[in-house]
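Working notes, structure below.
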Amino acid sequence: MSNTRLAARYATPILELADEQGVLEEVKNDMKMFLDLCKSNRDLALMLKSPIIPHLKKAAILKSIFGKKVSKLTLDAFEVITRKNRESYLPQIAQVFLEKYNIKKGIQEVTLTTAAPLSENLRKEFSEFVKKISNKESLINEKVDPDLIGGYLLKMGDQQLDESISGHLKELELKFRNETI
């Protein structure tokens, strides 16, 4: 079974149960916090994948780290997943949960790369622009890349809109090469 299918097999019932119990937002915040911690703390991610540490010990570690920080449902989900010896998939499960949450709430996740950090006004304009294009609310992940020189690069799912100066320069370079040959 692929990791994505396995992650979806656990994420879907967690999402449905959280929605049913009225704690969907809380569990979403827990999953986001957990995923961010896994990305920023290499030791936690390695501990979850370690074949040397018994899965019951991993469950105890997770409980000691997250016991008072996450909802009871999230803690119970962590316990069930570790009991099934699937704790190494917890980051993927959290990621799939967040993706399913966005689908359920009609949120379009986009990556916006600019040459400089966005002002609040520009952030709002981009949010409205994405809503106009996709007919969904947007969750903008911002990145700064000075190599763009100016403009922006917007990625929505499998679509990409390159309105950067460096992108236009590359197009011109390609056009000149094709015309001189």
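Positions are given from 1, in the same order as the sequence printed here.
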_pair Glu25-Tyr101: side-chain heavy atoms closer than 4.5 Å_ = yes
*Could you go through the side-chain contact (heavy atoms from CB on, under 4.5 Å) check for Thr114 and Glu142 one step at a time?*
CA-CA 8 Å; Thr114 55; Glu142 296 178 38; 5.9 Å; no
*Strictly by modelled atom types, are Asp162 and Ser164 linked by a side-chain donor-acceptor pair under 3.5 Å?*
yes
*asked:* Using the ring pair (Phe, Tyr, Trp, His ring centres under 6.0 Å) criterion, which residues pair with Phe97? Sequence neighbours excluded.
replied: none
*Check the pair Lys105, Glu137 against salt bridge (charged side-chain N to carboxylate O under 4.0 Å, His left out), reporting the backbone distance first and the verdict last.*
CA-CA 9 Å; Lys105 292 292 186 173; Glu137 291 298 318; over 6 Å; no
*Can you check side-chain contact (heavy atoms from CB on, under 4.5 Å) on Ile81 and Tyr89, steps first, answer last?*
CA-CA 9 Å; Ile81 292 166; Tyr89 300 104; 5.9 Å; no
*Flag yes if Val80 and Val70 sit in one hydrophobic cluster, no otherwise; membership is Ile, Leu, Val, Met, Phe, Trp, Tyr, and two members link when side-chain heavy atoms are under 4.5 Å apart.*
no
*Flag the pair Leu153 / Asp145 as yes when at least one side-chain heavy-atom distance between them is below 4.5 Å, and no otherwise.*
no
*Which value, rounded to the nearest 0.5 Å, describes the distance between Lys84 atom NZ and Leu6 atom CG?*
11.5 Å
*What about Val144 and Val110, same hydrophobic cluster or not, with Ile/Leu/Val/Met/Phe/Trp/Tyr joined at side-chain heavy-atom distances under 4.5 Å?*
no
*Pairwise distance CZ(Phe66) to CD1(Ile61) - rounded to 0.5 angstrom*: 11.5 Å
*asked:* Restricting to non-hydrogen atoms, name the atom on His55 and the atom on Thr82 that form the minimum distance, rounded to 0.1 Å.
replied: CD2-O, 2.9 Å
*Does His168 reach the side chain of Leu172, with side-chain heavy atoms less than 4.5 Å apart?*
no
*asked:* Minimum heavy-atom separation for Ala77 and Ile14, please, with both atom names.
replied: CB-CD1, 3.7 Å
*Verify same cluster id: Leu24, Ile107 (apolar side-chain graph, 4.5 Å)*: yes
*Please check if the side chain of Asp19 supplies one atom and the backbone of Leu15 the other of a donor-acceptor pair under 3.5 Å.*
no
*Is the closest basic N to carboxylate O distance between Arg123 and Glu120 below 4.0 Å?*
yes
*asked:* Can you confirm whether Gln108 sits close enough to Leu139 that some side-chain heavy atom of one is under 4.5 Å from a side-chain heavy atom of the other?
replied: no
*Once you round to the nearest 0.5 Å, how far does CD of Glu179 lie from CG of Leu174?*
10.0 Å
_Cluster check Phe78, Ile53: I/L/V/M/F/W/Y, side chain < 4.5 angstrom_ = yes
*Short side-chain to backbone donor-acceptor contact, Lys58 and Ser50, under 3.5 Å*: yes
*Given side-chain contact (heavy atoms from CB on, under 4.5 Å), test Leu90 with Tyr10 step by step and report yes or no.*
CA-CA 9 Å; Leu90 270 171; Tyr10 285 95; over 6 Å; no
*Is there side-chain contact between Glu109 and Asn141, with heavy atoms separated by less than 4.5 Å?*
yes
*Would you mind checking if Lys49 and Glu87 are paired as a salt bridge, meaning a charged N to carboxylate O distance below 4.0 Å?*
no
Side chains of residues 30-43: which donor-acceptor pairs under 3.5 Å do they make with residues two or more places apart or in other chains?
unit_1: Asp30; atom_1: OD2; unit_2: Ser71; atom_2: N; d: 2.9
unit_1: Asp30; atom_1: OD2; unit_2: Ser71; atom_2: OG; d: 3.0
unit_1: Asp30; atom_1: OD2; unit_2: Thr74; atom_2: OG1; d: 2.7
unit_1: Lys32; atom_1: NZ; unit_2: Asp36; atom_2: OD1; d: 3.4
unit_1: Lys32; atom_1: NZ; unit_2: Asp36; atom_2: OD2; d: 3.3
unit_1: Ser40; atom_1: OG; unit_2: Asp36; atom_2: O; d: 3.1
unit_1: Ser40; atom_1: OG; unit_2: Leu37; atom_2: O; d: 3.4
unit_1: Asn41; atom_1: OD1; unit_2: Asp43; atom_2: N; d: 3.0
unit_1: Asn41; atom_1: OD1; unit_2: Leu44; atom_2: N; d: 3.2

*Heavy atoms, side chains only, cut-off 4.5 Å: are Lys136 and Asn102 in contact?*
no
_Non-hydrogen atoms of Val130 and Ser138 that approach each other most closely_ = CG1-CB, 3.5 Å
*Are the side chains of Thr113 and Leu154 in touch, meaning some heavy atoms are under 4.5 Å apart?*
no
*Nearest 0.5 Å, what's the CD1-NZ distance between Ile52 and Lys57?*
14.5 Å
*Nearest heavy-atom neighbours spanning Asn135 and Lys132*: OD1-O, 3.9 Å
_Working to the nearest 0.5 angstrom, can you tell me the gap between Leu73 CG and Glu20 CD?_
10.0 Å
*Salt bridge between Glu79 and Arg83, side-chain N to carboxylate O under 4.0 Å?*
yes
*Charged N to carboxylate O under 4.0 angstrom, Glu173 versus Arg177?*
yes
*Given the rule in the side-chain contact (heavy atoms from CB on, under 4.5 Å) test, do Lys28 and Leu98 qualify, once you have shown the distances and angles that lead to the verdict?*
CA-CA 7 Å; Lys28 188 262 307 183; Leu98 292 172; 3.7 Å; yes
*Measuring from Leu112:CG to Ile140:CD1, what's the distance to the nearest 0.5 Å?*
6.0 Å
*Closest heavy-atom pair and its distance - Ala8, Lys100*: CB-CE, 4.0 Å
*asked:* Hydrophobic clustering (ILVMFWY, side-chain heavy atoms < 4.5 Å, transitive) - are Ile103 and Val96 grouped together?
replied: no
